[in-house]
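The figures here come from the full heavy-atom set of this structure, side chains too, leaving out hydrogens, waters and symmetry mates. First the proteins, then the strands, lettered A, B, ... as listed; each starts at 1.
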Protein chains: 2
Amino acid sequence: MQAISEAESRIMEALWRKTPLSAEQIISTVGPENGWAPATVKTLITRLLKKNAIAGAKEDGGYFYRPLIARADWVQSESQGLLDRLFKGEVAPLVAHFAEHRQLSAKDLRQLKALISKIEDDGK
Amino acid sequence: MQAISEAESRIMEALWRKTPLSAEQIISTVGPENGWAPATVKTLITRLLKKNAIAGAKEDGGYFYRPLIARADWVQSESQGLLDRLFKGEVAPLVAHFAEHRQLSAKDLRQLKALISKIEDDGK
DNA sequence: CATTGGAAAGTACGGGTGTAATCTGGCAAG
DNA sequence: CTTGCCAGATTACACCCGTACTTTCCAATG
């Protein structure tokens, strides 16, 4: 249901990038990326199965895994937690923080302005 | 040096709110807040000492603890990690995400606009 | 100097995590 | 029908974390 660990999330990311994937494919993408033995990847897959975060099924000749939770949902709970714990749930201070630490690129600024305009237009 | 755990961060937050604090003070602020036995709080203090995240010293009649790392630094590494893992290091997509999930209050919008104006003025 | 009170260290223990090997059982191919 | 491969389960093990108690050691106080 919940609490996908860091290592497990690497598997999820692979499946979110491309779904479905066979065990073999997961191992060959995610293994080298992280320096994991095949057995390790299989353990992570097992744990994700147990957590109902993914499902495996045989389809047209092979056995494939698919994510059962949407990346957006996961991102939501992860980032919501951080926002609450560190910034009292307010988005602006978070952005201000990044701004102070020179983490706001010109590209970010452009995108942010566009985003704000869009939101205001929608509300109109 | 690193990796302050969730529970440990509660102690840090108390010390960041008011520094220095005695063990007694930490226990009586942080204990009830989290439903922790005094012994638990002391364990967390010990672990933070071992991690060099705080320091204890006797000063004018009592024994007091002070944080050794700045809250801003901690917030920085925590949020940077999330930003990198979830949003490829780009701030705008993060804000966009919150916007989509109705997490952007009117107040946030106001503050964001002010923030952006300020940044642009500074750059001028 | 002896006692005491508190800080720090040590011990405990169940659960999660990272890392990994092996066992098992069913399906497919020969 | 038998055999082999592969998914899933089991087992392993050290470390971190949450939760907590007990022991040790130092410093101040009487």
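Whole-Å rounding puts the I27(B) CD1 to dG5(C) P distance at 16 Å. At whole-Å resolution of the value, CD1 in I4(B) and C1' in dG18(D) are 16 Å apart. Spacing between atom CD1 of I26(A) and atom P of dC6(D) amounts to 15 Å, rounded to whole angstrom units. In this structure, CD of Q25(B) is placed 14 Å from C1' of dG6(C), rounded to the nearest angstrom. Per the geometry, CZ belonging to F64(A) stands 10 Å off P belonging to dA7(D), to the nearest Å. To the nearest angstrom, P of dC17(D) lies 12 Å from NZ of K50(B). If you measure from atom NZ of K51(A) to atom P of dA9(D), you get 15 Å, rounded to the nearest angstrom. Distance, E33(A) CD to dT19(C) P: 14 Å, rounded to whole Å.
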Practice task
Show the numbers, then the answer: is there a side-chain contact (heavy atoms from CB on, under 4.5 Å) between E33(A) and R10(A)?
Solution key: CA-CA 9 Å; E33(A) 267 176 25; R10(A) 306 302 176 85; 5.8 Å; no

Practice task
Report the C-alpha distance between L83(B) and Q80(B) in whole Å, list the side-chain angles of each, state the deciding distance to 0.1 Å, and finish with yes or no for side-chain contact (heavy atoms from CB on, under 4.5 Å).
Solution key: CA-CA 5 Å; L83(B) 189 67; Q80(B) 188 67 51; 4.1 Å; yes

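Contacts of K42(A) with the nucleic acid, taken as non-hydrogen atoms under 4.0 Å apart, include base atoms. Here S5(A) lies in heavy-atom contact (under 4.0 Å) with sugar-phosphate atoms only. Looking at heavy-atom distances under 4.0 Å, L49(B) makes contact with sugar-phosphate atoms alone, never a base.
At a threshold of 4.0 Å, the pair E6(B)-R85(A) counts as salt-bridged, since one of the basic side-chain nitrogens sits closer than that to a carboxylate oxygen.
Taking every side-chain heavy atom of A7(B) into account, dG18(D) is the closest of dA7(C), dG18(C), dG18(D). Among the nucleotides dA20(D), dT19(C), dG18(D), the one closest to any side-chain atom of L44(B) is dG18(D). Considering only the side chain of E6(B), dG18(D) comes nearest among dA9(D), dA20(C), dG18(D). Listed nucleotides: dA9(D), dA7(C), dA7(D). Nearest to the side chain of T46(A): dA9(D). With distances taken from any side-chain atom of A39(A) to the nucleotides dT19(C), dA20(C), dA7(C), the minimum falls on dA20(C). Closest to the side chain of R47(B), out of dT19(C), dG18(D), dA7(C), is dG18(D).
The 5' end of DNA chain C is approached more closely, in terms of each residue's nearest nucleotide, by G35(A) than by the other of G35(A) and K58(A). Nearest-nucleotide assignment on DNA chain C puts the 5′-proximal partner with I45(B), out of I45(B) and E8(A).
W74(A) has its side chain within reach of L86(B): a pair of non-hydrogen atoms, C-beta onward, lies under 4.5 Å apart. A 4.5 Å side-chain heavy-atom check between V95(B) and L104(B) finds at least one atom pair inside the cut-off. Looking at L44(B) and W36(B), their side chains come closer than 4.5 Å, going by heavy atoms from C-beta outward.
One can find a donor-acceptor pair under 3.5 Å joining the base of dA20(C) and the side-chain atoms of T43(A).
Of the side-chain N and O atoms in T40(A), one or more sit less than 4.0 angstrom from OP1 or OP2 of dA20(C). For the OP1/OP2 pair of dT19(D) and a distance below 4.0 Å, the side-chain nitrogens and oxygens of W36(B) include at least one atom meeting the criterion.
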